[in-house]
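Input: a single structure, listed below in structure tokens.
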Amino acid sequence: MSSEPSAPFRYTAALAADIESRWQDRWEAEGTFEAPNPTGDLAPSDGRALPDDKYFIMDMFPYPSGSGLHVGHPLGYIATDVVGRHQRMRGKNVLHALGYDAYGLPAEIHAISTGEHPRDNTLANIANMRRQLRRLGLAHDPRRSFATIDPDFVRWTQWIFLQIFNSWYDPEAGRARPISELVEKLGTSDPAVIDTYRLAYVSESPVNWCPGLGTVLANEEVTADNRSERGNFPVFKRNLRQWQMRITAYADRLVDDLDRVDWPEPVKIMQRNWIGRSHGAEVEFASPAGPIRVFTTRPDTLFGATFMVLSPEHPLVDALTTPEQADAVAAYRREAAAKTDVERQENKEKTGVRTGSTATNPVNGEQVPVLVADYVLMGYGTGAIMAVPDGDARDAEFAEAQGLPTVQVLDGGTLVNSSNDEVSLDGLSVEDAKATIIAWLEKQGAGSGTTTYRLRDWLFSRQRYWGEPFPIVFDESGNAIGLPDSMLPVELPEVPDYSPRTFEPDDAQSDPEPPLGRVEDWVNVTLDLGDGPRQYRRETNTMPNWAGSSWYELRYTDPHNADVVTDPANEAYWLGPRTPGSTGGVDLYVGGVEHAVLHLLYARFWHKVLFDLGHVSSEEPFQRLFNQGYIQAYAFTDARGVYVPAEDVVEEADGTFTYEGRPVRREYGKMGKSLKNSVTPDDMYEAYGADTLRVYEMSMGPLDVSRPWETRAVVGSQRFLQRVWRLAVDEDSGETVVSDEPPTEESLRVLHRTIEGVAADMEGLRFNTAVAKLIELTNHLTKVDDRSRAVLEPLALMLAPLAPHLAEELWTRLGHTGTLTFEPFPVADPQYLVADTVTCVVQVQGKVRAKLEVSPTATDDELTAAALAEENVQKSIDGREVRKVIVRAPKLVNIVV
RNA sequence: GCGCACGUGGCGGAAUGGUAGACGCGCUGGCUUCAGGUGCCAGUGUCCGCAAGGGCGUGGAGGUUCGAAUCCUCUCGUGCGCACCA
């Protein structure tokens with residue numbers, strides 16, 4: 001890079017930095033992006049009415065990492081900023097702010113190794129991130145920023161927990177209700193009864209214990225091969241007393257309401273799969289040990305059930321095992337118990353043993369053998385299946401391995417060999433057969449239609465220090481008691497040691513020990529909860545990282561309210577449904593697809609509970625979701641497989657890559673310190689300026705697609721902004737050179753075509769093509785040397801969402817005194833959208849043979865005549881008979897011979 | 001194994017079923033410059049041809065259509081999700 005620009009007032013990185021910091025200071029001083037609320041401390045002080053049209057836009061908020069940002073991080077923030085700025089120019093009251101998801105493992109690990117309090121480290125990281133992001137010029141309302149660790153925020157996280165704790169799900173009403181109404185309904189306040197209904201409850205049940213992390217984890221945080229998503233440590237099933245959230249009560253609504261939100265289909269599919277609702281039937285098979293209940297999604301194939309299989313853990317196994325089989329079954333169960341879930345899954349070969357008993361198939365009275373096999377899981381359905389080798393590949397495989405019979409019941413899509421004296425399914429379709437047999441089973445009392453879910457309740461407690469404490473104490477009988485609002489927030493005590501007790505990652509028999517449990521004088525408290533001072537024990541687990549992100553959208557709408565989580569008027573204005581049947585929710589939520597199941601499912605669940613309890617008017621937190629892609633980068637390894645700094649790798653003429661003269665291998669992946677391929681926003685600010693970085697990131701490709709970062713291409717965006725600058729400013733004198741002469745007709749046509757296209761692209765989040773159109777306009781104006789105010793003003797306004805600092809500077813130079821933030825976005829004048837002539841393509845047999853310049857109003861006949869008059873067209877027709885002429889006036893004529 | 005998404009120049013990517021490759025990077029040439037850099041102008045899918053023009057071309061093979069990158073079927077490849085879920 002040359003140090004001396006040839007022109008003193010060229011738009012260089014240094015000039016950009018000057019413009020950018022001046023405007024950032026001014027926006028901050030003037031409170032330009034502060035969005036007024038209907039009521040409360042953020043309401044207009046002069047009582048002014050708000051615009052009815054609002055736009056609430058949100059980014060998935062960041063964890064403030066200690067290593068700072070790389071250029072991949074701001075992609076989504078820039079995109080939402082462009083949308084927000086554009087919506088302001090469309091007259092909307094735009095709510096856009098950024099908070100910090102500040103509880104998290106890295107700060108705790110840092111604390112353990114350095115002794116620095118995780119809060120201090122986290123707050124320092126937030127400050128650094130705010131600095132990096134401020135330099136991008138994001139139009140956020142700074143008054144609405146918060147961190148999930150702020151005591152004021154924690155207070156409301158705990159308050160929401162108590163709302164959930166103090167509720168139960170009424171299946172008849174199909175919604176949550178206050179626990180007091182259950183007490184009334186059941187006529188008892190006995191915790192032994194009531195506590196089993198709560199939406200947040202303690203239970204002793206099999207949970208995911210991760211010794212390597214020293215904590216238990218939710219199902220959503222465990223990978224398919226039973227390892228922790230964070231850290232990749234082994235996870236074991238252990239029976240432990242832990243807090244759970246009754247998210248399963250909401251399974252149906254969580255599935256059904258996916259149809260009412262504007263989300264990417266893959267995310268909806270992932271949530272549907274995770275919830276895993278399947279309709280089927282429970283059927284009872286009579287046996288010597290009593291009825292065996294099975295769940296099946298294919299009750300239509302019941303006539304083909306030739307045996308039954310129980311999971312090794314099934315409670316009826318002992319009773320069904322005959323003395324002759326006792327040893328074999330006991331041995332098999334021992335073997336199965338010794339295996340981890342992973343080992344069970346690794347061995348895809350079907351194994352199992354006979355119990356020696358038979359059960360009765362209710363449709364035909366057949367005695368079918370009952371077996372035990374570990375391919376049937378205790379955790380799903382009833383832990384027992386009817387096996388239909390003709391209908392199920394797994395059953396067929398097992399039948400073959402065990403030498404069990406198969407009866408054909410399916411022929412293509414219809415049922416065969418499926419009748420008894422009372423009912424026949426023969427000839428019916430699968431759907432009809434299901435309905436028929438369920439009706440018959442219900443009449444017989446042998447079964448009923450039913451629905452099962454894969455979703456399990458949400459394990460909500462963690463044995464870590466750096467999380468929200470539960471607002472719960474236990475009395476001397478061990479009953480959990482929710483603390484009153486007046487005692488919130490419950491703050492974390494200072495501790496001498498932040499670590500949970502961690503163990504050898506494979507030590508499955510170890511027990512979790514929360515760090516808070518060691519702070520005896522915090523744990524044991526004397527409180528007056530209404531019946532005089534008494535001794536209580538505090539809950540020593542903390543909440544998972546997901547707690548704060550499960551409701552933060554609400555707090556943006558009323559961030560300082562000390563009385564309620566958000567004032568109903570503010571919630572209704574920003575989040576409430578605007579059309580009948582709408583769920584309401586954030587107008588646009590942008591973030592990565594990695595939160596498809598975890599965060600987005602939890603947030604929907606909490607929001608629905610708050611809706612049921614009347615605290616919010618919206619049924620869903622996020623009306624529209626958009627998954628942005630990722631910026632990835634190339635990384636290079638040398639002969640030893642060690643990463644070398646990517647910025648010093650040279651591409652040779654033959655397309656290979658070298659580092660310090662030695663060949664290196666290229667790979668493609670995430671950007672990060674460990675791969676030595678990070679490029680930071682600070683690097684780009686210094687070399688090009690923030691506006692150039694913004695424009696480049698927006699022009700790289702569609703927002704939802706991942707693509708590789710290429711630093712050397714950034715200069716293209718800088719050249720574009722330099723050309724815009726040069727249109728209005730003399731590079732040698734620094735004088736504004738805008739002209740008040742009217743622009744040429746041609747320039748106006750290009751301008752209005754650009755306005756039309758850019759406006760549509762902005763609405764559709766197609767910023768890459770919007771930038772392309774602005775470049776075309778700029779190149780045109782440069783080429784014809786048109787500097788008229790009438791084109792430069794709309795150019796500045798259209799550029800404003802993308803490159804706001806440069807646009808503001810030009811706007812000022814064009815003679816305006818205020819910010820352009822609230823100037824109307826330009827509107828295309830239809831008068832200039834119709835061209836004098838259009839290019840008409842003439843095809844023969846669908847191949848282009850000529851182009852005509854024609855009037856846009858030319859008729860079909862005129863176009864046909866003109867096309868046939870073309871020499872090259874006649875040559876292509878080559879004397880053949882013209883059978884048909886297809887005209888799409890005025891753009892196309894296709895001659896068919 | 002099942003499901004979803006995606007395959008277009010050297011690279012990132014444009015194309016309501018209607019001129020394939022907008023825009024940008026890179027590359028080539030010209031002007032500017034002592035020179036480099038910056039800036040500006042022109043060119044840049046491929047093959048045949050001096051040119052006019054023509055052939056081929058959106059992973060592959062079929063199909064629908066006057067016309068297909070786009071719609072349908074099969075197939076190959078890449079990515080993501082789920083995975084013995086009855």
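Values reported hereafter were calculated over all heavy atoms of this structure, with side chains retained and with hydrogens, waters and symmetry mates removed.
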Rounded off to whole Å, could you give me the [atom1]-to-[atom2] distance for the [X] and [N] pair?
X	N	atom1	atom2	value
Arg712(A)	C11(B)	CZ	P	11 Å
Lys891(A)	U16(B)	NZ	C1'	12 Å
Leu377(A)	C84(B)	CG	P	7 Å
Arg726(A)	G39(B)	CZ	C1'	6 Å
Gln632(A)	C6(B)	CD	P	17 Å
Arg707(A)	G24(B)	CZ	C1'	13 Å
Lys847(A)	G18(B)	NZ	P	17 Å
Tyr634(A)	C25(B)	OH	P	18 Å

What integer number of Å spans the [atom1] atoms of [N] and [M]?
N	M	atom1	answer
G26(B)	G45(B)	C1'	15 Å
U75(B)	C4(B)	P	14 Å
C23(B)	U16(B)	P	16 Å
G13(B)	C25(B)	C1'	11 Å
G9(B)	U70(B)	P	15 Å
C71(B)	C6(B)	P	9 Å

Report the secondary structure of RNA chain B in dot-bracket form, marking unpaired bases with a dot and bases paired to a different strand with |, and treating Watson-Crick or G-U pairs with both distances under 3.5 Å as paired.
(((((((..(((.....[....)))((((((.......))))))((((....))))..(((((..]....))))))))))))....
Is it the case that the side chains of Thr837(A) and Glu853(A) hold a donor-acceptor pair, with the cut-off being a distance below 3.5 Å and no angle test?
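Indeed, the side chains of Glu853(A) and Thr837(A) share at least one donor-acceptor pair under 3.5 Å.
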Do we see a donor-acceptor contact under 3.5 Å between the side chains of Ser311(A) and Tyr380(A)?
no
Select base, sugar-phosphate, or nothing to describe what [X] touches, counting heavy atoms under 4.0 Å on all strands.
X	result
Val841(A)	base
Gln843(A)	base
Ser717(A)	nothing
Thr296(A)	sugar-phosphate
Val376(A)	base
Gln722(A)	sugar-phosphate
Arg454(A)	base
Asn894(A)	base
Ser278(A)	sugar-phosphate
Arg849(A)	sugar-phosphate
Lys783(A)	sugar-phosphate
Ala713(A)	sugar-phosphate

Ignoring hydrogens and geometry beyond distance, is the side chain of Lys773(A) in donor-acceptor contact with the base of C23(B) at under 3.5 Å?
no
Before accepting this row, confirm whether a basic side-chain N of the pair Arg272(A)/Asp259(A) lies closer than 4.0 Å to the acidic partner's carboxylate O.
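Salt bridge present between Arg272(A) and Asp259(A).
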Would you mind checking if Arg880(A) and Asp878(A) are paired as a salt bridge, meaning a charged N to carboxylate O distance below 4.0 Å?
no
Nearest to the Pro708(A) side chain among A15(B), G24(B), G12(B), which nucleotide is it?
G12(B)
As a test of the definition: with a 90° window around 0 for syn, would you call G62(B) syn or anti?
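With its glycosidic angle more than 90° from zero, G62(B) counts as anti.
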